[in-house]
Protein chains: 2
Amino acid sequence: MSFTDAENTTFDAFPKPTHDHSQCVKDALAKALAICQGRGARFTELRKQVFELVCASHKPIGAYDILDTFQKRGRKTAPPTIYRALDFLLEQGLIHRIASLNAYIGCDFPQEPHRGQFVICKLCGEATELVSHTIEKCIASAAEKLDFQVQSRVIEILGICSACQ
Amino acid sequence: MSFTDAENTTFDAFPKPTHDHSQCVKDALAKALAICQGRGARFTELRKQVFELVCASHKPIGAYDILDTFQKRGRKTAPPTIYRALDFLLEQGLIHRIASLNAYIGCDFPQEPHRGQFVICKLCGEATELVSHTIEKCIASAAEKLDFQVQSRVIEILGICSACQ
DNA sequence: TTTGTTATGTTATAATATAACATTATGACT
DNA sequence: AGTCATAATGTTATATTATAACATAACAAA
């Protein structure tokens with residue numbers, strides 16, 4: 001469920017505990033598969049499994065948490081295997097990296113090319129994604145004045161979510 | 001030299017190679033000292049030296065680069081010493097941490113409480129600080145809709161600066 | 001079915017950061 | 001000045017995150 005506010009920011013609500021999460025993961029998987037197929041990119045079993053783990057919650061997850069899960073499942077896995085899968089998913093825009101947490105989260109708008117902007121609860125860890133065109137405009141304006149070519153952005157807002165207050 | 005654009009963003013120009021950097025460092029030191037004195041916070045010799053190293057360039061600097069410099073100067077220093085000094089400077093708002101680079105940079109507006117927003121050149125490493133009230137407004141608006149209490153923000157724009165294009 | 005390419009496995013190590021405890025310096029109070 | 005509590009720094013060890021380098025396996029195109 002997405003909203004748009006007066007500042008022209010589109011955002012998801014924080015995921016409700018009641019939402020049908022298994023359906024939500026299924027949808028994300030289907031989208032991811034379709035996107036990769038459309039680009040001739042290989043959504044391999046490994047990449048799919050890593051993607052599933054990232055999407056398993058709406059909280060950013062660490063690479064080593066993913067690694068641990070693989071190992072607990074009896075699969076002998078080393079860090080590069082996980083990092084390479086994450087790199088692939090990042091390149092395809094299927095997940096985002098949260099720099100302030102060294103963690104990864106599924107992208108809510110994988111179809112459209114965009115930059116992730118995140119609101120993250122420090123207590124429960126839940127995160128939601130914004131796409132604010134106003135922020136984009138601000139950045140573009142300042143960049144223009146500075147004659148700066150923007151390549152990537154990191155926008156992360158940390159605090160306490162509604163449910164945790 | 002600061003500017004304000006149509007989007008109500010205040011920003012420094014990228015530091016000119018011609019600027020009087022030793023004066024710039026002196027000013028920063030004087031400001032830092034005054035701020036700490038005003039708060040009864042101790043701007044010790046160690047903290048001052050770390051601050052000087054962070055301010056020595058307008059590029060974000062890594063904790064281990066600071067550590068190396070201390071060690072090259074013949075001072076036996078371990079990581080916690082540096083990290084604690086950095087933590088103090090962060091708390092006092094005298095420096096900022098650049099999450100996307102795991103590095104630290106002097107704050108250009110230490111007097112006023114604010115959140116750093118950064119534009120960083122991937123080639124030369126030079127960085128400049130923005131204070132965009134429009135971005136703040138955007139974030140506040142989205143946060144209000146989400147009933148989210150903002151505690152901190154990470155806003156980092158990466159790309160190629162004018163001089164490096 | 002070869003063959004070049006891409007993906008994954010494997011080992012080692014780099015880079016960043018903190019925990020835990022010991023020691024030293026400082027400032028406030030007598 | 002001397003005591004004391006607190007804050008700062010020193011020290012050792014280790015946790016956490018990420019990548020380099022090279023080997024093997026899977027795949028896709030001809």
Side-chain angles (χ1 to χ4, degrees), chain A residues 32-33 36-54 59-71 73-92 94-105 125 152 154 156, chain B residues 32-33 36-54 59-92 94-105 125 154 156:
Chain A
L33 184 58
C36 288
Q37 282 178 339
R39 292 175 186 159
R42 287 166 58 191
F43 197 59
T44 63
E45 183 59 26
L46 171 69
R47 290 164 175 174
K48 183 182 150 210
Q49 286 182 24
V50 170
F51 183 69
E52 280 176 327
L53 285 176
V54 173
K59 309 176 188 192
I61 184 175
Y64 278 75
D65 294 331
I66 297 171
L67 184 60
D68 286 349
T69 302
F70 268 70
Q71 288 172 344
R73 288 178 181 170
R75 179 163 177 170
K76 276 179 203 155
T77 311
T81 298
I82 304 301
Y83 279 102
R84 281 188 293 228
L86 290 170
D87 286 344
F88 170 85
L89 298 169
L90 286 168
E91 273 164 26
Q92 299 300 325
L94 301 174
I95 65 174
H96 292 283
R97 180 168 191 274
I98 306 296
S100 56
L101 301 178
N102 297 321
Y104 304 83
I105 190 167
S152 61
V154 174
E156 296 163 13
Chain B
L33 184 58
C36 288
Q37 281 178 340
R39 291 177 188 158
R42 287 165 61 191
F43 196 59
T44 62
E45 184 58 28
L46 171 70
R47 290 164 175 175
K48 183 181 149 211
Q49 285 182 25
V50 170
F51 183 68
E52 279 175 328
L53 284 176
V54 173
K59 308 176 190 193
I61 184 176
Y64 278 76
D65 293 332
I66 297 171
L67 184 61
D68 287 349
T69 301
F70 268 70
Q71 288 172 343
K72 273 177 195 144
R73 287 176 181 172
R75 180 165 178 169
K76 274 178 204 153
T77 311
T81 298
I82 304 302
Y83 279 102
R84 280 189 292 229
L86 290 171
D87 286 344
F88 170 84
L89 298 169
L90 286 168
E91 272 165 25
Q92 299 300 327
L94 301 174
I95 66 172
H96 291 284
R97 179 167 193 275
I98 306 295
S100 57
L101 301 178
N102 297 321
Y104 304 83
I105 189 166
V154 174
E156 297 163 11

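Atoms considered below: every heavy atom in the structure, side chains included; atoms not considered: hydrogens, waters and symmetry mates.
Straight-line distance from the CZ atom of A:Arg84 to the P atom of C:dT11: 13 Å, rounded to whole Å. Across the protein-nucleic acid pair, A:Glu91 atom CD and C:dT6 atom P stand 12 Å apart, rounded to whole Å. Separating the CZ atom of B:Phe88 from the P atom of D:dA7 is a distance of 13 Å, rounded to the nearest angstrom. Straight-line distance from the CG atom of A:Leu86 to the P atom of C:dT8: 12 Å, rounded to whole Å. Counting to the nearest Å, the P atom of C:dT10 and the CZ atom of A:Phe70 are 14 Å from each other. In this structure, the CD atom of A:Gln37 is 12 Å from the P atom of D:dA28, given to the nearest Å. Rounded to whole Å, atom P of C:dA17 lies 14 Å from atom CG of B:Asp68.
For the helix from C:dT1-D:dA30 to C:dT30-D:dA1, the end axes, each set by the C1' atoms of five terminal pairs, are bent relative to each other by 30° (nearest 10°).
Near DNA chain C, defined here as any heavy-atom distance below 4.0 Å, the residues from residues 39-52 of chain A are A:Arg42, A:Thr44, A:Leu46, A:Arg47, listed numerically.
Contact of the B:Phe43 side chain with the B:Leu94 side chain is registered, since non-hydrogen atoms from C-beta on lie closer than 4.5 Å.
Judged by distance alone, with hydrogens and angles left aside, A:Arg75 brings no side-chain donor or acceptor close enough to the base of C:dG9 to form a pair under 3.5 Å.
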Under 3.5 Å, which donor-acceptor pairs do the side chains of residues 61-73 of chain B form with other protein atoms, sequence neighbours left out?
unit_1	atom_1	unit_2	atom_2	d
B:Asp65	OD2	B:Gly62	N	3.3
B:Thr69	OG1	B:Asp65	O	3.0
B:Gln71	NE2	B:Thr77	O	2.8

Under 3.5 Å, sequence neighbours excluded: what are the donor-acceptor pairs made by side chains of residues 80-90 of chain B?
none

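Within the structure, side-chain hydrogen bond (donor to acceptor under 3.5 Å, both in side chains) contacts touching residues 36-52 of chain A (residues at least two apart or in different chains) are A:Arg39-A:Gln92, A:Glu45-A:Gln49, A:Gln49-A:Arg75.
Contact between B:Gly125 and B:Pro60 at its shortest, heavy atoms only, is O-CD, 3.2 Å.
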Distances under 3.5 Å between protein N/O atoms and the N/O atoms of nucleotides 16-19 of chain D, please, pair by pair.
unit_1	atom_1	unit_2	atom_2	d
D:dA18	OP1	A:Arg97	NE	3.2
D:dA18	OP1	A:Arg97	NH2	2.0
D:dA18	OP2	A:Tyr83	OH	2.9
D:dA18	OP2	A:Tyr104	OH	3.4
D:dA18	O5'	A:Tyr83	OH	3.4
D:dA18	N7	A:Tyr64	OH	2.6
D:dA18	N6	A:Tyr64	OH	3.2

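Taking only side-chain nitrogens and oxygens, B:Thr81 comes nearer than 4.0 Å to OP1 or OP2 of D:dG10.
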Is there a side-chain contact (heavy atoms from CB on, under 4.5 Å) between A:Ser100 and A:Val154? Walk through the geometry before answering. CA-CA 9 Å; A:Ser100 56; A:Val154 174; over 6 Å; no

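Interatomic distance, CZ of B:Arg97 versus CG of B:Asn102, reported as 5.0 Å (0.5 Å rounding).
Using a distance-only test at 3.5 Å, with no hydrogens or angles considered, a donor-acceptor pair links the side chain of A:Glu156 to the main chain of A:Ala99.
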